[in-house]
Amino acid sequence: MPERVETEILIVGGGPAGLAVSSRLPDFVSSVLVHQDRKIGRPVRTSGGCWRSDMDRLGIPAELAHTVTHADIYSDNEHHSLDLSSNPVAVLDVTGVYRWLACGTRSDLRCGTKFLSTVRNDRGFVSRVRAGQQEYEIASRKIVDASGWHCAVLRSLKLCEPVDRTGIGIEYEFPASDHDPERAVLFFGSATPTGYGWAFPTTSAALRLGVGVIKPESEQSPKDLMVRLLESGALERMGLPEPSNYHLNSGILPSIPFESSLLFDGVIRVGDSANMATPTLGEGIRICIEQGRALGEALGKNTPAALLSWERSVRRRLALQYRIGFAANQRAASYAPSDWDRSVARMKTLPPEELIRFFRNEFSGGMIARRGAQALRRRLRAAVSRS
Ligand SMILES: Cc1cc2nc3c(=O)[nH]c(=O)nc-3n(C[C@H](O)[C@H](O)[C@H](O)COP(=O)(O)OP(=O)(O)OC[C@H]3O[C@@H](n4cnc5c(N)ncnc54)[C@H](O)[C@@H]3O)c2cc1C
């Protein structure tokens with residue numbers, strides 16, 4: 001007979017979402033968290049760009065987040081310098097933050113343990129997991145799918161299709177003590193068709209230089225784009241150092257319309273498996289922590305009403321904003337380099353607060369009205385030029 005572990009809640013995935021859920025479960029609710037990687041926070045699959053205000057609000061220790069007060073934004077022929085002092089960026093020590101989150105878990109944390117599959121029975125679920133060569137079962141009443149873009153639990157139960165549109169990024173992290181530690185860079189255009197590139201200074205005087213693309217719109221691999229970027233001379237134009245002695249981070253996140261059903265009769269999804277990263281920049285960590293903690297609290301109340309209320313609050317908070325952000329994402333993915341030149345030129349006319357709101361995927365009534373008017377003008381211009 002295989003070993004069988006009994007628990008109330010099985011959490012699959014030890015990224016920020018799963019760890020945050022676990023941290024808010026009360027002691028009387030037993031839980032097991034399985035994480036396929038051998039260590040929390042390794043390998044790094046994200047660039048860790050967040051906002052200082054969010055990290056303070058979420059109680060992330062200040063020394064685990066590096067503050068950035070300005071960003072230079074480039075397209076092929078335009079440049080905009082964005083003052084972030086009203087809302088500074090925080091670049092996380094990703095491994096440090098995830099380990100700090102792990103210190104707060106209330107679960108039996110099992111690293112190097114991969115969730116394989118699950119079946120329902122009348123008491124909940126029996127899941128198979130593998131640790132090294134050994135497979136065993138975990139019986140639970142509920143399962144939290146926090147496995148990121150894999151959606152491992154939902155897919156095992158055929159509750160969702162494989163994600164068919166993804167953002168894929170790679171990043172070189174390397175020592176860069178001469179780089180201005182408060183300066184980040186974002187770049188768009190021919191270096192990163194369909195996606196964007198970034199350079200983030202870190203807590204350890206390093207720089208994370210990354211490029212991301214959207215599949216299937218782009219057939220190019222981020223690796224090839226990175227090679228081309230290094231050969232293109234663009235780094236010199238943007239005042240960025242050549243990477244040397246780097247290590248590679250890479251990751252995938254879903255880039256599909258937000259679907260606000262989060263509860264599936266005992267299975268609950270959160271984080272990237274629920275597509276919670278912002279559609280504008282793919283920023284997910286703060287939302288995973290916030291919504292993961294809220295889900296942990298709802299699970300602790302152990303009533304269907306508490307879970308429904310959590311689902312409703314996520315829907316209220318994200319559904320409309322993400323619909324607007326996803327429209328922007330799709331439009332941007334089809335931009336030619338000349339569109340990016342126009343877009344960066346437009347950024348110069350916006351107050352910094354408005355551009356920051358756009359990057360954060362927080363659209364105010366005024367922004368929505370202005371975007372609607374812009375779209376109308378575009379359609380009118382197209383109709384006039386056709387006639
Ligand atoms: C290239 C890139 C750059 C990004 N940059 C930023 C950024 O700058 N700022 C930001 O806020 N967000 C960024 N994001 C998004 C952010 O990383 C995600 O939104 C966030 O990590 C999602 O957290 P999660 O816990 O839902 O999933 P994940 O972080 O993906 O964690 C899920 C974990 O589950 C584990 N797992 C998967 N399947 C199984 C299984 N079968 N059994 C056991 N364990 C399993 C995985 O190993 C993984 O570690 C970026 C994403 C990418 C891809």
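On a predicted model such as this, the values are computed, not experimentally measured, just so you know. Heads up: numbering here begins at 1 and tracks the sequence.
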### Task
Would you please test Asn275 and Arg269 for side-chain contact (heavy atoms from CB on, under 4.5 Å) and show each step?
CA-CA 9 Å; Asn275 192 20; Arg269 61 174 170 174; over 6 Å; no
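By the side chain to side chain contact (heavy atoms under 4.5 Å, CB included) test, Ser364 pairs with Arg357, Met367, sequence neighbours left out.
At a threshold of 4.0 Å, the pair Arg183-Asp72 counts as salt-bridged, since one of the basic side-chain nitrogens sits closer than that to a carboxylate oxygen.
Under the 3.5 Å distance criterion, the side-chain polar atoms of Ser221 are matched with a main-chain donor or acceptor of Asp224. Checking side-chain atoms of Asp272 against main-chain N and O of Trp149 turns up no donor-acceptor pair under 3.5 Å. At least one donor-acceptor pair under 3.5 Å links the side chain of Ser385 to the backbone N or O of Ala382. Checking side-chain atoms of Thr105 against main-chain N and O of Leu19 turns up no donor-acceptor pair under 3.5 Å. The closest donor-acceptor contact from the side chain of Thr7 to the backbone of Leu10 lies at 3.5 Å or more, if one exists at all. Checking side-chain atoms of Arg208 against main-chain N and O of Ser47 turns up a donor-acceptor pair under 3.5 Å. A donor-acceptor pair is defined here as one N or O able to donate and one able to accept, closer than 3.5 Å; such a pair exists between the side chain of Arg165 and the backbone of Ser255. Remark: the backbone N or O of Thr118 is paired with a side-chain donor or acceptor of Ser156 at under 3.5 angstrom.
In the hydrophobic clustering (ILVMFWY side chains linked at under 4.5 Å, chained through shared members), Val126 is joined by Val119.
Minimum heavy-atom separation, Leu154 to Ser273: CD1-O, 4.3 Å.
Under the 6.0 Å cut-off for aromatic ring centres, Tyr98 and Trp100 do not qualify, their centroids lying 6.0 Å or more apart. The aromatic ring centroids of Tyr246 and Tyr172 lie less than 6.0 Å from each other.
Of the listed residues (Tyr322, Phe326, Phe358), just one forms a ring-ring contact (aromatic ring centres under 6.0 Å, His included) with Phe363, and that residue is Phe358.
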